[in-house]
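Before any comments, here is the structure.
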Amino acid sequence: MKSKKHLPLALYSAALLSIIGLKPSFAIAQTVATTVSNTAEEQMYRPHFHFTPKKGWMNDPNGMFFANGYYHLFYQHYPDGNTWGPMHWGHAISKDLIKWEEQPIALYPDKDKYIFSGSAVVDTENTSGLGTGKTAPIVAIYTLHDVTKEKAGKMDVEQQDIAFSNDNGFTWQKFEEGNPVVKNPGIRDFRDPKVSWDKTHKQWIMALAAQDRIQFYKSSNLKNWEFAAEFGKNIGAHGGVWECPDFFEIKVEGTKETKWVLIVNLNPGGPNGGSGVQYFVGDFDGKTFTMDAGFAERVQNEKAVWADYGKDNYAGVTWNNIPSSDGRRLFIGWMSNWEYAQQVPTTTWRSSTTIPRELQLVKKGTCYNLVSKPVKEINNYVSKTIKTKSLNGKEINLIESGKADLTQAVVSLDLKNLKQEDYTFTLSNANGESLSFGLNNKENYLFIDRSKAGRIDFSDKFATPVSKAFLKGSQKNVAFKIILDKTSIEIFYNNGEKVMTEIFFLNKPFSALTISSKQKIELKNGIIQVLDINKKQ
């Protein structure tokens, strides 16, 4: 299976023509399709609060940082079509991680060289010497992909380049005289550099995806890099190419202990097919990452540990330069899957991001777990709150048809005294479309079934199989937080202990929510928060 970054050979000539300003007939038709507004599509499928580009293709988020009051989000982007093409860095900004403003394209490809994924750092001490003295330079580190070399069958098609900005990330200049900063050592898939400041060892550290493992490099100035070590051979999931790593030190909740977390995205080979985000927990001595012994045992037992068990969270990485007064580790992913991302039924644009999430490292006994929670800023957009009393029964209507806008809502539910039975939540509409999710407490797993949730005909891999996230033993008490937008559901189980993210494409919005079981259900603390993304802050 082709990796995401490999444009099909039949499209190469068209892609190259588009870069130099010439478009073959199919590209012209594609551009027209992406620029003509489809009102019905906009109303049904354009998310309320998950970022999408106004037009064109989007995949991996990259280059994220905070500076001068703004969260910056860059992303892999092809503005001239709604499928993967010559990669640019798109750009959006936000003051609160919820409402995004799209900006002009940040980095453009050259004639035969594409701008692949990477990262950006705020060089506060001007270690790079690229600053003008007025503001700290922002340095972007990205993979330059040479199409000519790829077509010639060469191995060294990818290298790491840098660009810099002296206006807080709004305009960029490529470091032409010094690129590449990391040359290709003869590895075919050699990409997606994630750079951050290692405050413990006083150095810049780069995690780089090198085929089926991660290589670490270190630097004092962001321009000269030294190979440090590598990690990953025969460890974790290896069903496809390793991509889009992230590497950071994080405090263990409720303690003074810190650990290092390595995030590795993988395609294919995810937990329910296609793309996925796995992670590792351990220690770092400034050169080598060593997995924690207890976590290594968990990886061996589970084969891989995933940050999200749904089908639609990929290429997830975190923001750099979050102020210490905030202190959160903030994450965002691409809300799609390479199995069908280029076939989903939108034409003006394709793809959106997940809701930004706060990552926390929690330790229970000797086991570390990376938990995810939707960012607290979403609470600022609550316009209506519906609370349910404690309810009992084998089928409970949580939201009767039409009583709440389920295209922008946060649903929080606690279930108590569970039996060894299925507990199924069902979102439905008047057209008979439905999406079911919940807990199988007999076989001990969470699930999402979107086989009846509107359009599924664009891919035979979209609705099958049912997505599952396995749990340890049967559950007695559980909590769900569910984030709903027009085309997505994000389920945070037991305060983010397990997460499942999936998209769907309805013909009519969901209007009702029920829960059912063969045993009596004890529902406590049901809260439905309806959002208004246009609410003034």
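One is the number of the first residue; the rest follow in order along the sequence.
No hydrogens or angles considered: a donor-acceptor pair under 3.5 Å links the side chains of His145 and Glu150. Using a 3.5 Å distance cut-off with no hydrogens or angles, the side chains of Glu226 and Ser219 do not pair a donor with an acceptor. Side-chain contact annotation: Asn265 with Tyr314, donor-acceptor N/O pair under 3.5 Å absent. In this model, a donor atom of one side chain and an acceptor atom of the other lie less than 3.5 Å apart for Thr127 and Trp204. In this structure, a donor-acceptor pair under 3.5 Å is absent between the side chains of Ser459 and Glu339. In the model, Asp156 has no side-chain atom that pairs as donor or acceptor with a side-chain atom of Asn184 under 3.5 Å. There is a side-chain donor-acceptor pair under 3.5 Å between Asn59 and Trp57. With no hydrogens or angles considered, no side-chain donor-acceptor pair links Tyr340 and Gln342 at under 3.5 Å. Between the side chains of Glu497 and Asn495, no donor N or O sits under 3.5 Å from an acceptor N or O. Side-chain atoms of Asp283 and Thr290 form no donor-acceptor pair, as typed in the model, at a separation below 3.5 Å. For the residue pair Asn444 / Ser474, no side-chain donor-acceptor distance below 3.5 Å is found, with atom types taken as modelled. Counting only N and O atoms by type, the side chains of Thr501 and Glu490 include no donor and acceptor under 3.5 Å apart.
A cation-pi geometry, defined here as NZ or CZ lying under 6.0 Å from the six-membered ring centre and within 45° of its normal, holds between Arg450 and Phe462. For the pair Lys468 and Phe447, the cation-pi criterion (under 6.0 Å, within 45° of the ring axis) is not fulfilled.
Side-chain atoms of Thr487 never come within 3.5 Å of backbone atoms of Ile503 as a donor-acceptor pair (strictly under, hydrogens ignored). Of the possible donor and acceptor atoms, none in the side chain of Asn62 sits under 3.5 Å from a partner among the backbone N and O of Phe116.
Classification of the Phe295-Tyr279 ring pair by plane angle, with boundaries at 30° and 60°, yields tilted.
Considering Phe289, Phe284, Phe231, Phe280 as possible partners of Trp260, the one that fulfils the ring-ring contact (aromatic ring centres under 6.0 Å, His included) test is Phe284.
Residues Lys259 and Tyr368 meet the side-chain proximity criterion, which asks for heavy atoms closer than 4.5 Å.
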